[in-house]
Colleague: 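Handing you a structure now.
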2 protein chains.
Amino acid sequence: MPISASQRRSLAQAPRCQTCSLSSLCLPLALQIEDISQFDAIIRRRAPLKKGEALFHQGERFSSVFAVRSGSLKQVTSEGNGEDQLTNFYLPSELVGLDGIDDECYPGSVVALETTTVCEIPFKHLDALSEQLPELRGQLYRSMSKELRDDRRMMRLLSRKTADQRLATFLTTLSDRFRRRGYSPYSFRLSMARADIGNYLGLAVETVSRILSRLQSQQVVAVSGREVNILDMPRLITLADEETPT
Amino acid sequence: MPISASQRRSLAQAPRCQTCSLSSLCLPLALQIEDISQFDAIIRRRAPLKKGEALFHQGERFSSVFAVRSGSLKQVTSEGNGEDQLTNFYLPSELVGLDGIDDECYPGSVVALETTTVCEIPFKHLDALSEQLPELRGQLYRSMSKELRDDRRMMRLLSRKTADQRLATFLTTLSDRFRRRGYSPYSFRLSMARADIGNYLGLAVETVSRILSRLQSQQVVAVSGREVNILDMPRLITLADEETPT
DNA sequence: CGGTGCTTTGAGTTTGTTCAACTACCGTGG
DNA sequence: CCACGGTAGTTGAACAAACTCAAAGCACCG
C-alpha cells in the first residue's frame with residue numbers, strides 16, 4: 001500500500017530553513033550555512049492553518065514568534081468596548097508576534113486569510129541563540145525596527161491621506177511586497193475581504209468598493225472580485241503619493 | 001575663587017545611571033549594580049538641546065539611540081511631497097531612534113519641545129553589550145515591542161476614534177505617563193503647541209481648540225494655555241474609551 | 001436551486017475641514 | 001512704560017469627504 005502524501009512529506013521532505021525558498025527574506029537571512037542549522041533546530045513546524053483559523057488569540061500568553069511560510073494572515077485587535085481594528089497583514093517571510101514580547105501576551109489575534117503555514121520560533125530559544133549569533137540578533141533588531149518604520153507610514157496614511165490615496169497606497173505597497181517575493185507586481189489575488197481592507201485603511205467597506213470601481217473606470221486597475229490587475233502603475237504611484245491639492 | 005555651578009557639576013556630579021532618578025524606568029532597569037556601570041560606560045552625555053533644536057534630522061545616518069533624561073521631544077516625518085506627520089512625543093526615560101536600526105538612517109527628525117537633555121547610546125556598543133547582558137537585551141526587545149504595541153493603539157485611534165475620543169485619549173495617555181514618572185496625573189503642562197497635537201492626532205488645529213473648549217465647558221478639564229487640569233478623570237476615561245453609539 | 005455572505009451602488013446625513021476674522025500673549029524696541 | 005508686531009490660540013459659518021442606511025446584484029456551496 002502506498003504511503004499517503006502527508007506521510008511522504010513528513011518523512012522525506014520535512015521543511016528546513018536550508019531549502020526554504022524564503023531564506024533570502026526571512027529571519028536567518030544573514031546567517032552562515034552552519035549557523036542556519038542551529039537556527040533550524042529551534043524551529044517548530046506547524047500543521048497548516050485553514051482559512052479563518054487563529055494562529056493565536058488576543059491575550060494569550062506570549063511564547064513564540066512565527067514566520068509565515070505560505071499563505072497570509074491578518075492581525076486584529078479588539079480594544080475594550082469598541083469594534084475591532086485590523087492592524088496588519090502578514091505575507092510569507094514576515095515575522096508575527098513581535099509586539100507580544102513586552103507584556104508577555106499577544107496584544108491582538110492573528111487569523112489566517114487562506115490556508116497558511118507558519119514556522120513557530122519559541123522566543124526563549126530565539127533570544128538565547130541571538131546571544132551566540134550576532135547576525136541573528138541584528139536581523140531581529142532590524143525586523144522590529146522595520147515594523148516600527150512601517151507603522152509610522154501607516155499613521156501618516158491614516159491621519160493625512162484621502163480615501164483614494166489610501167487605496168492607491170495599499171495597492172502599490174502590496175504590489176511591492178509581491179514583487180520582492182518573486183510574484184508579479186501587476187497581477188495578484190487579494191486574500192482579504194473588502195471589509196478587511198476597509199478596516200485596515202480606516203474606511204467604510206462601501207468607500208473601498210466605490211474607489212476600486214472608480215480606479216477601474218479610470219483604467220488604472222482592473223478588479224474582478226479579488227483578482228487585481230494594475231494597468232497603470234505610474235499613475236497609481238502618483239495617486240498614492242501626491243500631495244492633496246488645495 | 002569659587003568654581004562655577006557648571007564646573008562643579010561636571011566634576012562632582014557628572015550624571016551617571018547609578019544615580020539617575022529614571023533608573024527604574026529606563027533601559028538599564030533590569031540590570032545588576034555591577035552591570036549598570038558597564039552600561040554607564042558606553043553612554044555619551046550631551047549638551048542640553050534648546051527648544052526647537054533637532055536631536056537629529058530625517059535621513060541622517062543612524063548611529064545611536066537616545067534616552068530622554070529631561071524635557072521632551074517630537075518626532076516628525078516628512079514623506080515626499082506631503083506635509084509633515086508628527087509620529088511621536090518622547091518623555092524622560094523613553095528611547096528615541098529605534099526605528100532607524102533597519103535601514104541605518106533615521107526615518108524622521110526629532111526636535112526638542114523645550115530644553116531637553118538626552119543620553120546618547122551608540123548602537124554598536126549597545127548591541128555588543130546586549131550580547132553579554134541578557135537582561136539588557138531583553139529590555140531592548142521589550143522597549144521595541146512596547147513601541148510596536150503603542151503604535152497599534154495609535155492606529156486604532158486614527159482610524160476608528162472620533163475627534164473627542166482622540167483628545168480624551170491623548171490627555172489620559174499623557175496623564176498616565178506623567179503619573180508613572182512621579183508627576184501629578186491631574187495637573188501638568190503641555191510642552192507642545194496645539195498644532196503639534198492636531199498633527200499627531202490627525203485633526204485640524206481648530207478642531208483641537210474647539211474640543212478643548214468644549215471639554216472645559218463640560219467641567220471635564222480646565223485648560224489655560226498649555227496648563228491642563230483634569231477635573232473629572234473617570235469621565236475623561238469614559239470619553240476616551242466609549243464605543244461610538246450608533 | 002435557494003440560501004448565505006460578500007460586494008456594489010444610490011441617496012441623504014454628519015463630522016470635521018477650510019477659510020476668515022478676532023483675541024490673547026509675549027518679547028522687543030521706541 | 002507702552003506701543004507694536006508677530007505667533008499662537010479661539011471662534012464662527014460654509015463646505016466637502018466619507019459615513020450610514022437601504023437595497024439590489026453576484027457568487028459560491030450545499
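To find a chain, count down the sequence lines: A is the first, B the second, and so on, and within it residues start at 1. Computed over heavy atoms, backbone and side chain alike; hydrogens, waters and symmetry mates excluded.
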Colleague: May I ask you to test the B:T77-A:M155 pair for a side-chain heavy-atom distance under 4.5 Å?
Modeller: no

Colleague: Check nucleotides 10-15 of chain C for protein N or O atoms closer than 3.5 Å to its own N or O atoms and list the pairs.
Modeller:
unit_1 : atom_1 : unit_2 : atom_2 : d
C:dG10 : N7     : A:R210 : NH1    : 2.8
C:dG10 : O6     : A:R210 : NH2    : 3.4

Colleague: Do you know the tightest heavy-atom contact between B:P92 and B:R181?
Modeller: O-NE, 2.6 Å

Colleague: Quickly work out the A:R160 CZ to C:dT17 C1' distance and round it to whole Å.
Modeller: 12 Å

Colleague: Heavy atoms only: give me the nearest A:Q219-A:D232 pair and the separation to one decimal.
Modeller: O-CB, 4.1 Å

Colleague: Please determine, for the side chain of B:A193, which listed nucleotide (C:dT7, D:dA18, D:dG9) has the closest atom?
Modeller: D:dG9

Colleague: Show your reasoning for whether side-chain hydrogen bond (donor to acceptor under 3.5 Å, both in side chains) applies to B:S159 and A:Q85.
Modeller: CA-CA 8 Å; B:S159 86; A:Q85 171 67 28; 2.6 Å; yes

Colleague: From C-beta outward on B:L203, which listed nucleotide comes closest to its side chain: D:dC19, C:dG16, D:dG9?
Modeller: C:dG16

Colleague: Without decimals, in angstroms, what is the distance between A:I211 CD1 and C:dT8 P?
Modeller: 12 Å

Colleague: Looking at the side chain of B:A204, which of C:dT17, C:dT9, D:dC19 is the nearest nucleotide?
Modeller: C:dT17

Colleague: Determine, step by step, whether B:R69 and B:E120 satisfy the salt bridge (charged side-chain N to carboxylate O under 4.0 Å, His left out) criterion, reporting the C-alpha distance in whole Å, the side-chain angles of both residues, the deciding distance to 0.1 Å, and the verdict.
Modeller: CA-CA 10 Å; B:R69 202 174 163 77; B:E120 176 173 3; over 6 Å; no

Colleague: Taking only distance into account, with no hydrogens and no angle test, what donor-acceptor pairs under 3.5 Å do side-chain atoms of residues 170-178 of chain A form with protein atoms, sequence neighbours excluded?
Modeller:
unit_1 : atom_1 : unit_2 : atom_2 : d
A:T172 : OG1    : A:A168 : O      : 3.1
A:T172 : OG1    : A:T169 : O      : 3.0
A:T173 : OG1    : A:T169 : O      : 2.7
A:S175 : OG     : A:P185 : O      : 2.7
A:D176 : OD2    : A:R180 : NE     : 3.4
A:D176 : OD2    : A:R180 : NH2    : 3.2
A:R177 : NE     : A:E94  : OE2    : 3.3
A:R177 : NH2    : A:F89  : O      : 2.9
A:R177 : NH2    : A:E94  : OE1    : 2.9
A:R177 : NH2    : A:E94  : OE2    : 3.3

Colleague: Using whole Å, report how far CG of A:L158 lies from P of D:dA18.
Modeller: 13 Å

Colleague: Expressed as a whole number of angstroms, how long is the span from B:L215:CG to D:dG9:P?
Modeller: 17 Å

Colleague: Checking all strands, does B:L212 fall into the base, sugar-phosphate, or nothing category for heavy-atom contacts under 4.0 angstrom?
Modeller: nothing

Colleague: To the nearest angstrom, how far is B:K51 atom NZ from D:dA8 atom C1'?
Modeller: 10 Å

Colleague: Give A:G202 one of three labels, base, sugar-phosphate or nothing, depending on what nucleic acid heavy atoms sit under 4.0 Å from its own.
Modeller: sugar-phosphate

Colleague: What is the distance, to the nearest angstrom, from the CZ atom on B:R214 to the C1' atom on D:dT11?
Modeller: 13 Å

Colleague: Within the structure provided, determine whether A:Y90 and A:F66 are in side-chain contact (heavy-atom separation under 4.5 Å).
Modeller: no

Colleague: Specify the separation, in whole Å, of atom CG of A:L190 and atom P of C:dC6.
Modeller: 15 Å

Colleague: Could you tell me which non-hydrogen atom of A:R166 sits nearest to which non-hydrogen atom of A:G202, and how far apart they are?
Modeller: NH1-O, 3.5 Å

Colleague: Measure across B:L158 and B:L201 and return the closest heavy-atom pair with its distance rounded to 0.1 Å.
Modeller: CD2-O, 3.5 Å

Colleague: So what is the end-to-end bend of the helix from C:dC1-D:dG30 to C:dG30-D:dC1, with 5 pairs used at each end and the value given to 10 degrees?
Modeller: 30°

Colleague: Across the strands shown, which category fits B:R226 at heavy-atom distances under 4.0 angstrom: base, sugar-phosphate, nothing?
Modeller: sugar-phosphate

Colleague: Looking only at heavy atoms, what is the nearest atom pair of A:K50 and A:A112, with distance?
Modeller: O-CB, 3.6 Å

Colleague: Could you state the atom-to-atom distance from CZ of B:R194 to P of C:dT23 in whole Å?
Modeller: 19 Å

Colleague: Under 4.0 Å between any heavy atoms, over every strand shown, what does B:S213 touch: base, sugar-phosphate, or nothing? Just pick one.
Modeller: sugar-phosphate

